[in-house]
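Below: the structure, in structure tokens.
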Amino acid sequence: MFLIFALITLLGALSVAFQKNLVVAGLCMVITFFGVAGLYLLLANPVAAALQIIVYSGAIVVLLLFVIMLLSAHEEEDAQSVHSVQRWGSVAAALALAAGVVKVVLSSGFLRGAASGPAPANMNLERVGTALFAEHLVAFEAVGLLLLAAMIGAVTLVKKDL
Amino acid sequence: MQPTMCATASILHGSLQGYVLVALLLFVIGLFIVLSRRSVLIQFMGVELMLNAANVALLAFARHWNGDVQGTVFYLFIIAVAACEAAVGLALVVGLFRHRQTTDSDRADALKL
């Protein structure tokens, strides 16, 4: 199961990278987010999986698709010049980073030694809510303020004449 | 030879190593998208993928830290900040399009309007 969800995630992300059409790339993002939600389920964390589907594949991708449609950005013509330096430089950087990452993770004694003992219980909403409101109440209120500020900021940025 | 085969099998069945590997590869793909594509919207998607990669690593470590609940609480805060970032970032893209009639980051290279 882990392999399936990991492949869904990585192939979805790769198809975003090589997709010409913006709308299709947005839909590939949904596939990737569902793969990540599956990974969270395998980590025995259904709360995070539900949040992932609601916030990412729900809200953020829909917002993104709205903006793509609003700007008709998928009908915009391609750039005239192709920067070969940018293209091959990014390919080389990504390949080098990926190789380094694989080598580091495979040779890491700490990660290999972290064999899970007895499997911990599933995460449930009750535990999360208790920890959230008992220990992180101030941060919770601050996040509420941050959301308000972001909302006002977005409206101010987009509105033509305030 | 035997330990290598054993490690590969445990990665394929979802050990901590496997999750960290997937998270880092997802991050590299996101970085590749940001570097190689020129539409601002696609670059935004790459940023979201990188944020997701960090979340995968966070929750994998939280799970292997005896299923600590603090990881999920922190994930909640990260997702709230990500929503803010999406709203403001897309508003910036719309503003850029108002002024320049483009979402190509190469055609928006002047510092003044």
Heavy-atom pair count under 4.5 Å with chain A, highest-scoring of [options]:
options: B/Val93, B/Val34, B/Ile79; answer: B/Ile79
options: B/Val81, B/Asn55, B/Val22, B/Leu31; answer: B/Asn55
options: B/Leu35, B/Val40, B/Asp68; answer: B/Leu35
options: B/Val94, B/Leu24, B/Leu59; answer: B/Leu59

Return the minimal non-hydrogen interatomic distance between [X] and [Y], and the atom names on each side.
X: B/Met45; Y: A/Val16; result: SD-CG1, 4.0 Å
X: A/Ser90; Y: B/Phe32; result: O-CD1, 3.6 Å
X: B/Leu16; Y: B/Ala60; result: CD1-O, 3.8 Å
X: B/Leu51; Y: B/Ala82; result: CD2-CB, 3.3 Å

So which residue, [options], ends up with the most heavy-atom pairs under 4.5 Å with chain B?
options: A/Ala131, A/Ala150, A/Ala93; answer: A/Ala150
options: A/Ala6, A/Cys28, A/Ala98; answer: A/Ala98
options: A/Gln86, A/Gln19, A/Glu135; answer: A/Gln86
options: A/Gly129, A/Gly153, A/Ala25, A/Ala149; answer: A/Ala25
options: A/Leu132, A/Val61, A/Thr130; answer: A/Leu132
options: A/Val102, A/Leu95, A/Ile60, A/Leu97; answer: A/Ile60

Any side-chain heavy atom of B/Leu49 sitting closer than 4.5 Å to one from A/Met29?
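B/Leu49 reaches A/Met29 side chain to side chain.
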Mind checking whether A/Phe33 and A/Tyr56 have parallel, tilted or perpendicular rings, split at 30° and 60°?
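Tilted.
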Could you tell me which portion of [X] (side chain, backbone, both or neither) has an atom closer than 4.5 angstrom to a non-hydrogen atom of chain B?
X: A/Phe5; answer: neither
X: A/Val143; answer: side chain
X: A/Ala139; answer: both
X: A/Ala59; answer: neither

Through direct or indirect side-chain contacts below 4.5 angstrom among Ile, Leu, Val, Met, Phe, Trp and Tyr, which residues connect to A/Leu157?
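Reading the cluster by chain and number, A/Leu157 sits alongside B/Val88, B/Leu92.
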Is it the case that over 12 heavy atoms from other parts of the model lie below 6.0 angstrom from the CZ atom of A/Phe140?
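Count not over threshold, so no.
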Quick one: what part of B/Phe27 sits under 4.5 Å from any heavy atom of chain A, side chain, backbone, both or neither?
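For B/Phe27, neither part sits under 4.5 Å from chain A.
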Contact part of B/Gln70 toward chain A, heavy-atom cut-off under 4.5 Å: side chain, backbone, both or neither?
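Contact with chain A: side chain only.
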Between B/Arg37 (side chain only) and B/Gly46 (backbone N and O only), is there a donor and an acceptor less than 3.5 Å apart?
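Absent.
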Between side-chain atoms of residues 34-47 of chain A and protein atoms elsewhere (two or more places apart, or another chain), which donor-acceptor pairs fall under 3.5 Å?
from: A/Asn45; atom 1: OD1; to: A/Ala48; atom 2: N; distance (Å): 3.4
from: A/Asn45; atom 1: ND2; to: B/Thr72; atom 2: OG1; distance (Å): 3.1

